[in-house]
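All values derive from a computational prediction rather than experimental measurement.
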Amino acid sequence: FAPEQAGERPPVLCLHQGGKLVDAAPDGVIERLVKAGQVVLAVDLRGCGETQRMDQNYFSPEWGGDGRDVVYAYLLDRPFVAMRAEDALVCARHLREHEANTADGVAMIAVGHVAVPALHAAAVAPDLFADVVLRRMVTSWTDVASAERTTNQMINFVHGALHLYDLPELAALAGDQVTIEEPYGVDER
């Protein structure tokens, strides 16, 4: 999405668990950003929006709608979070290479369960991002592991991660440009 006349702010990568069409709705996030003069790249990370499989009721509704993809990724010894983080990095690098106003990096907004992969992308390549806003994200795997019951958290699993890090440490590694808004409780649906 490109404004008629670009402003001086960096381009924005928009990621939403419901897919790009959620943010592209009339009077939505994308329209406001474009009216403010920002270029916006909105993509469906794998398993979101138009790429979401509809046959993923896997074991229990508490596992979430992405269970089959997560299990296949696990069996391939690749966390689904890592795959989505790679998707985000490819898109951010594309913006950086092909758009103006990227001297300080690109901005990224991620909403819902795509925020955990977005945080991983920001931690892996903090110099790529000028500003990162993560909304409706679970903020600690320790909280998830300690909870009596969680809903739709399987999509955020990275096997063995708690041996090395938790999400607060990852956020610190990503830098001051990361803002977490409306944190998601582990037992919310």
Side-chain angles (χ1 to χ4, degrees), residues 10-20 22-23 40-53 56 63-99 102 105-145 152-181 183-184 186:
V12 181
L13 174 59
C14 280
L15 309 172
H16 197 287
Q17 72 180 13
K20 63 186 175 290
V22 173
D23 287 336
V40 177
L41 175 60
V43 298
D44 291 342
L45 296 184
R46 65 185 80 201
C48 296
E50 295 179 52
T51 66
Q52 184 175 20
R53 293 173 43 142
Q56 296 216 42
W63 284 39
D66 304 287
R68 189 174 308 273
D69 285 341
V70 172
V71 169
Y72 284 146
Y74 177 81
L75 292 172
L76 292 169
D77 199 26
R78 298 270 333 274
F80 204 60
V81 168
M83 294 177 182
R84 284 180 165 178
E86 289 171 359
D87 294 344
L89 286 168
V90 166
C91 294
R93 288 182 183 123
H94 173 81
L95 278 174
R96 185 117 195 223
E97 292 173 17
H98 298 287
E99 295 298 331
T102 62
V106 301
M108 179 167 54
I109 300 170
V111 180
H113 56 69
V114 296
V116 170
L119 176 59
H120 280 77
V124 167
D127 294 340
L128 183 58
F129 298 98
D131 184 43
V132 178
V133 176
L134 307 171
R135 289 190 187 113
R136 302 286 300 145
M137 180 184 95
V138 65
T139 57
S140 168
W141 285 325
T142 300
D143 290 348
V144 172
N152 200 24
Q153 294 305 316
M154 188 174 174
I155 192 68
N156 290 318
F157 288 178
V158 174
H159 181 76
L162 281 175
H163 288 290
L164 303 171
Y165 69 97
D166 197 353
L167 297 175
E169 289 83 20
L170 197 63
L173 185 62
D176 293 336
Q177 73 268 25
V178 174
T179 304
I180 298 173
E181 298 176 350
Y184 184 86
V186 294

Asks: Please give me the minimum heavy-atom distance between Asp44 and Lys20, naming the atom from each residue.
Replies: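 Closest approach of Asp44 to Lys20, heavy atoms only: OD1-N, 2.6 Å.
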Asks: Work out which heavy atom in Pro10 is nearest to a heavy atom in Ala107; give both atom names and the distance.
Replies: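 Smallest heavy-atom distance, with atoms named: CB-N, 4.3 Å.
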Asks: Name every donor-acceptor pair, under 3.5 Å, that has one atom in a side chain of residues 116-133 and the other anywhere in the protein, sequence neighbours excluded.
Replies:
from, atom 1, to, atom 2, distance (Å)
His120, ND1, Val116, O, 2.9
His120, NE2, Tyr165, OH, 2.7

Asks: Given 3.5 Å as the limit, does a donor-acceptor pair link the side chain of Trp141 with the main chain of Asn156, or not?
Replies: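 Judged by distance alone, yes, a pair lies under 3.5 Å.
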Asks: State, to 0.1 Å, how close Arg46 and Arg84 come at their nearest heavy-atom pair, and which atoms those are.
Replies: O-NE, 2.8 Å
Asks: Looking only at non-hydrogen atoms, find the nearest pair between Leu13 and Ala88 and report the distance.
Replies: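 That closest heavy-atom pairing would be CD2-O, 3.5 Å.
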Asks: Should we count NE2 of His98 as having more than 12 external heavy atoms under 6.0 Å?
Replies: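 Count over threshold, so yes.
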Asks: Would you compute the distance between atom CG of Leu167 and atom OG of Ser140 and round it to the nearest 0.5 angstrom?
Replies: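 Leu167 CG to Ser140 OG: 6.5 Å, rounded to 0.5 Å.
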Asks: Give, for atom SG of Cys48 and atom CG of Leu15, the distance between the pair rounded to the nearest 0.5 Å.
Replies: 8.5 Å
Asks: Could you list the residues that satisfy side chain to side chain contact (heavy atoms under 4.5 Å, CB included) with Ala172, not counting sequence neighbours?
Replies: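 By the side chain to side chain contact (heavy atoms under 4.5 Å, CB included) rule, Ala172 matches no residue at all.
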Asks: I need the Met83 CE to Glu86 CD distance, nearest 0.5 Å.
Replies: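 Reported to 0.5 Å precision, the distance equals 7.5 Å.
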Asks: Would you please test Asp87 and Val43 for side chain to side chain contact (heavy atoms under 4.5 Å, CB included) and show each step?
Replies: CA-CA 9 Å; Asp87 294 344; Val43 298; over 6 Å; no
Asks: After noting the C-alpha distance and the side-chain angles of Val70 and Ile155, does the key distance pass the side chain to side chain contact (heavy atoms under 4.5 Å, CB included) rule?
Replies: CA-CA 6 Å; Val70 172; Ile155 192 68; 3.6 Å; yes
Asks: If you take all heavy atoms of Leu95 and Thr102, which pair is closest and at what distance?
Replies: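 Scanning both residues, the minimum pair turns out to be O-CG2, 3.8 Å.
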Asks: Determine the minimum heavy-atom distance between His113 and Gln17, stating which atoms define it.
Replies: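 Heavy-atom minimum between the residues: N-OE1, 2.8 Å.
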